[in-house]
Amino acid sequence: MANDSTALPSSQEIIAEFERYVVPNYRRYPVALVRGENSWIWDAEGHRYLDFFPGWGCNLLGHCPPRVVEAVRDQVGRLIHVPNTWYMEAQGRFAAALSERSFGGQAFFCNSGAEANEAAIKLARAWGHARGKYKIVTMEGGFHGRTFASLTATAQPKYHEGFEPMVPGFVYTKYDDLAAVADAIDAQTAAVMLEPIQGEGGVKIPSPEFLPALRKLCDDRGVLLILDEVQTGMGRTGTWFAYQHFGITPDVLTCAKALASGIAAGVMMARTEVAAALKPGMHASTFGGNPIACRAGLATVETIEDEGLLERGAEIGERFRKHFEAFRREMPEMIGDIRIQGVMIGLDLTFDAAKIVSECLSRRLLINATHGHVVRLLPALTISDEQIDQGCAILGDVLREAQP
Ligand SMILES: Cc1ncc(COP(=O)(O)O)c(C=O)c1O
């Protein structure tokens, strides 16, 4: 790369450095991004893209939301890091903010979704230890992360291949199938763990009865209910947490992605009586709950509330639904299910969606495909109606041109 610090490197130069020095464990698009504002993002050559998938769901308030930027700037000038051997105001306030908006429990902070799930799994093991319970039941098609226990919890063989043997004590069953879950639970089961809406699995929304019935089943069998809200949490679905659509509360909940608007942060929330199973020294995270992440998280909560963004999330979802229903009327042979809850959006195609993603990229619209044939959008709560219409017009053209 050019050594002149005033010259901005091109995408090609940035990519060349990656090829030499960065482990090639990701499939990346050949674009280097340099700046963002709300639902717009720019590459190193100055091209502007409309982002329907900002930060893989982390940038729920869009790129560089002003209050979050301000809170982070202020905090880095005061204290960058405070270890968890000390108290700090921001962590306590953020824990209170999350507790008040969920089920009144306590928070353990970490830095990612997988770490939050590791904490939940360890808590379930610690809680189950005295009760002779250690097994965790998880759902096929679910996704919980890439560290070893969260990877084992991810009941998708393609992610396990090459890493076996996996962690013992996990049992897999069918999502949205109460009888199958009931069969999978035995006297040694400590917890049932699942995403209330499967994200990576294709934006799968369960039938309305499933979660309430699962809550009752867990209570009847003396088993913890752990909800992985890494992707659905923090307002993504139009409520603070997705479980709030279903009239239940979990015993343990995990959240990351949007938690601090894109600053690395994860949290495990647990009912206070359950959280008591983790005693001092049993679990820890050096960076977890650091003041920068907690200030960013608090600014996220304030922005969502002051700007009425939970309500806006539902409106955005409905606007996408109208566009997608029009696509389906026009191209019924190409479009299956439309699955939308707030700004968690899935459009099931009858063919592989990868080509649609690359065609949209060439027209400067950023989207995602998951589970092979599902177009997944996780737009920002701050996206405008005009941006939605503009992006959907591009997506519509791309689908039309892909028609056999
Ligand atoms: C539901 C769910 N759980 C866990 C994870 C893992 O999160 P992270 O990549 O922050 O470890 C993800 C990531 O996509 C996710 O969608």
Side-chain angles (χ1 to χ4, degrees), residues 23 25-28 53-60 108-124 136-156 158-160 163 167 170 172 175-176 191-206 211 225-237 240-243 245 250 252-269 285 287-290 293 296-297 300 339 341-346 367-371 374 376-379:
V23 173
N25 61 311
Y26 296 102
R27 258 181 240 109
R28 298 178 194 265
F53 202 66
W56 272 80
C58 298
N59 299 116
L60 181 60
F108 164 79
F109 289 103
C110 50
N111 313 286
S112 68
E115 265 184 272
N117 287 331
E118 293 288 328
I121 291 163
K122 278 184 75 178
L123 174 61
I136 317 266
V137 173
T138 68
M139 310 289 141
E140 288 164 12
F143 187 84
H144 301 293
R146 305 291 193 138
T147 55
F148 247 104
S150 69
L151 181 66
T152 309
T154 297
Q156 298 196 53
K158 67 176 179 190
Y159 291 119
H160 297 178
F163 297 108
V167 176
F170 285 84
Y172 306 137
Y175 178 66
D176 203 10
V192 172
M193 174 172 173
L194 74 160
E195 298 156 83
I197 296 173
Q198 287 188 337
E200 193 269 354
V203 190
K204 299 245 171 73
I205 303 173
L211 286 171
L225 177 62
I226 303 174
L227 291 182
D228 176 343
E229 295 233 22
V230 167
Q231 192 167 141
T232 52
M234 209 59 186
R236 167 70 56 199
T237 68
W240 279 110
F241 297 98
Y243 76 79
H245 293 289
V252 180
L253 173 150
T254 58
C255 184
K257 287 199 185 287
L259 188 62
S261 287
I263 297 280
V267 70
M268 174 193 71
M269 306 291 305
S285 164
F287 289 119
N290 69 77
T300 304
R339 296 188 288 270
Q341 190 85 55
V343 286
M344 186 157 183
I345 297 174
I367 63 166
N368 171 258
T370 189
H371 223 61
V374 180
R376 176 173 48 160
L377 309 179
L378 297 173

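None of these values were measured; they are calculated from a predicted model. We count residues from 1, following the sequence as given. Each ligand, and each atom within it, is numbered from 1 in the order the structure gives.
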Are Glu200 and Gln231 linked by a side-chain donor-acceptor pair shorter than 3.5 Å?
no

Using residues 257-268 as the side-chain source, report each donor-acceptor pair under 3.5 Å to any protein atom, sequence neighbours left out, with the distance given to one decimal.
unit_1: Lys257; atom_1: NZ; unit_2: Trp56; atom_2: O; d: 3.2
unit_1: Ser261; atom_1: OG; unit_2: Thr300; atom_2: OG1; d: 2.8

Any residue meeting side chain to side chain donor-acceptor pair (under 3.5 Å) with Lys204, in chain and number order, not counting sequence neighbours
none

Pairing residues for Asn290 by the side chain to side chain contact (heavy atoms under 4.5 Å, CB included) criterion, not counting sequence neighbours:
His81, Asn111, Phe287, Ile292, Ala293

Pair His144-Thr138, side-chain donor/acceptor within less than 3.5 Å:
no

Just say parallel, tilted or perpendicular for the rings of Phe148 and Phe163, cut-offs at 30° and 60°.
perpendicular

Who are the residue neighbours of ligand 1 when the rule is a heavy atom under 4.0 Å from any of its atoms?
Ser112, Gly113, Ala114, Asn117, Phe143, His144, Gly145, Glu195, Asp228, Val230, Gln231, Lys257

